[in-house]
Amino acid sequence: MAAPALTCGRTAMGWLLDAHVHVLGADVLWREIIGNGIGLASAVLGMGRRTAAWPVGMIANVLLFTVFLGGVFATPQDTDLYGQAGRQVLFFAVSAYGWWRWHRNRGTDAVAVSPRWATGRERLTLALATAAGVLVAWWALTRLGSFGPLADAWIFVGSMLATYGMARGYLEFWLVWVAVDAVGVPLLLRAGYYPSALLYVVYGVFCVWGFVTWLRVHRSAVRGPADPSLEAVG
């Protein structure tokens with residue numbers, strides 16, 4: 001009984017690795033389509049400040065890790081983007097931190113984080129870390145032979161910065177994502193990752209919406225509830 005089960009498992013794994021559709025003259029993996037769809041669901045949950053955003057996103061990270069190492073997994077999409085693949089690993093790790101932090105802060109409220117602007121010191125620290133990270137990642141990705149190493153380095157580091165900012169509740173993290181998407185779309189189009197490029201466009205619009213939503217929440221919290229006595233006088 002074990003042998004047929006093992007054979008079925010291998011068949012299912014082979015289908016998962018190889019399943020694709022032919023779009024505009026290119027083979028597009030179902031893993032890329034499904035992974036990006038799950039990633040978008042995670043972003044929607046994040047905009048609503050729901051803790052479930054983190055575990056849902058981690059599922060997308062696992063799928064997209066295999067997608068961006070197409071040459072390693074010998075699938076129809078054979079262009080390796082080591083920065084894109086590596087960031088899925090770090091996404092997974094930072095998401096575990098975000099999941100823990102939001103769950104700890106949630107208490108009895110379904111909303112897990114209160115949006116705020118980063119302080120001047122936090123911004124300076126993150127800016128210095130970003131500059132150093134991009135330089136190191138550019139150097140490493142160039143030597144690994146990654147496609148578009150400088151753009152890939154910014155996407156890699158910027159994504160980590162945005163994910164960490166989301167875990168901390170920084171309003172700026174939405175704007176960092178917009179900057180990541182602006183670089184990611186042309187890179188992914190040149191590399192042939194069309195579903196991911198399309199999703200980056202959607203993400204860009206979504207991030208502007210998310211920023212406005214969190215900004216309104218922040219401003220409402222700063223203003224505080226209206227004073228009933230003042231309303232009565234008026």
Side-chain angles (χ1 to χ4, degrees), residues 13 16-18 20 25-36 38-39 42 57-98 122-167 172-173 175-201 203-204 207:
M13 181 61 70
L16 181 62
L17 289 174
D18 296 333
H20 60 278
D27 292 321
V28 179
L29 293 168
W30 272 110
R31 281 178 290 134
E32 186 179 359
I33 297 171
I34 295 171
N36 280 308
I38 295 173
S42 173
M58 292 164 81
I59 296 172
N61 298 151
V62 173
L63 284 173
L64 293 175
F65 173 78
T66 66
V67 168
F68 291 120
L69 289 183
V72 174
F73 284 88
T75 59
Q77 173 54 271
D78 60 358
T79 302
D80 289 324
L81 289 178
Y82 293 110
Q84 294 279 346
R87 78 179 187 139
Q88 303 304 323
V89 176
L90 290 184
F91 271 156
F92 196 92
V94 176
S95 292
Y97 165 73
E122 288 169 336
R123 290 178 183 176
L124 177 60
T125 300
L126 292 173
L128 292 174
T130 299
V134 169
L135 288 175
V136 172
W138 184 19
W139 175 86
L141 293 172
T142 298
R143 279 148 184 78
L144 285 171
S146 185
F147 185 84
L150 180 56
D152 209 15
W154 159 242
I155 294 170
F156 177 82
V157 176
S159 298
M160 292 306 101
L161 174 64
T163 306
Y164 176 77
M166 177 179 170
E172 290 91 342
F173 97 86
L175 303 179
V176 175
W177 271 129
V178 172
V180 168
D181 296 335
V183 174
V185 170
L187 175 68
L188 292 169
L189 285 175
R190 282 168 37 222
Y193 289 97
Y194 302 117
S196 293
L198 176 61
L199 190 68
Y200 269 44
V201 174
Y203 271 148
C207 287

If you take all heavy atoms of [X] and [Y], which pair is closest and at what distance?
X: G184; Y: I155; answer: CA-CD1, 3.4 Å
X: P149; Y: T142; answer: CB-OG1, 3.5 Å
X: C207; Y: V178; answer: CB-CG2, 3.7 Å
X: T66; Y: R31; answer: OG1-NH1, 2.6 Å
X: Q88; Y: A60; answer: OE1-O, 4.4 Å
X: G165; Y: F173; answer: C-CB, 3.8 Å

If you measure from [atom1] on [X] to [atom2] on [Y], what distance do you get to the nearest 0.5 Å?
X: S95; Y: L90; atom1: OG; atom2: CG; result: 10.0 Å
X: L63; Y: I59; atom1: CG; atom2: CD1; result: 8.5 Å
X: L188; Y: D181; atom1: CG; atom2: CG; result: 9.5 Å

Quiz item: Hey, does the side chain of Y203 reach the backbone of G39 with a donor-acceptor pair shorter than 3.5 angstrom?
Solution: yes
Quiz item: Can you tell which of V157, T163, L161, T130 makes a side chain to side chain contact (heavy atoms under 4.5 Å, CB included) with V176?
Solution: L161
Quiz item: Do the ring planes of F91 and W177 sit parallel (below 30°), tilted (30 to 60°) or perpendicular (above 60°)?
Solution: tilted
Quiz item: Considering only heavy atoms from C-beta outward, does the side chain of L187 approach that of Y200 to under 4.5 Å?
Solution: no
Quiz prompt | Pairwise side-chain contact, Y164 with M160, heavy-atom cut-off 4.5 Å (strictly under) | solution = no
